[in-house]
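Working notes, beginning with the structure itself.
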Amino acid sequence: MKISARNQLKGTVSSVSEGAVNGIVAIDLGEASVMASITMDAVDELGPTEGAAALAIVKSTDVIIGVE
């Protein structure tokens, strides 16, 4: 698979929460994790399962940072 996005984070699926319209897929990156909201059609097509290798691909024009 070739894609233009350069922010590719390799990890492991830690959970998949299915909803009526969207699902939430959490990916453990080691020291951090990332969660993605995807359609249930995408969940069904991709078939993410807990423990499976996954790639979080970030393509965005905005990044919001917060500090305490």
Side-chain angles (χ1 to χ4, degrees):
M1 166 179 59
K2 291 184 179 185
I3 57 173
S4 63
R6 296 296 179 232
N7 300 309
Q8 300 177 30
L9 309 170
K10 292 181 182 179
T12 304
V13 175
S14 56
S15 67
V16 179
S17 302
E18 296 184 3
V21 177
N22 289 336
I24 305 293
V25 179
I27 299 175
D28 180 10
L29 304 173
E31 294 183 19
S33 63
V34 64
M35 297 171 70
S37 175
I38 63 175
T39 65
M40 284 307 300
D41 285 343
V43 170
D44 293 339
E45 184 178 323
L46 295 173
T49 57
E50 196 170 316
L55 191 60
I57 301 166
V58 181
K59 184 75 173 180
S60 177
T61 58
D62 297 307
V63 175
I64 299 170
I65 298 174
V67 297
E68 292 185 27

Which side-chain N or O atoms in residues 34-58 pair as donor and acceptor under 3.5 Å with protein atoms at least two apart or in another chain?
unit_1, atom_1, unit_2, atom_2, d
Thr39, OG1, Ala42, N, 3.1

Side-chain donor-acceptor contacts of residues 9-30 below 3.5 Å, not counting sequence neighbours, with atom names and distances?
unit_1, atom_1, unit_2, atom_2, d
Ser14, OG, Ala26, O, 3.3
Asp28, OD1, Gly30, N, 2.9

Shared-cluster residues of Ile64, by chain and number - hydrophobic side chains joined below 4.5 Å: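 Result for Ile64 is none, singleton.
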Which value, rounded to the nearest 0.5 Å, describes the distance between Ile3 atom CD1 and Gln8 atom CD?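 That separation rounds to 4.0 Å.
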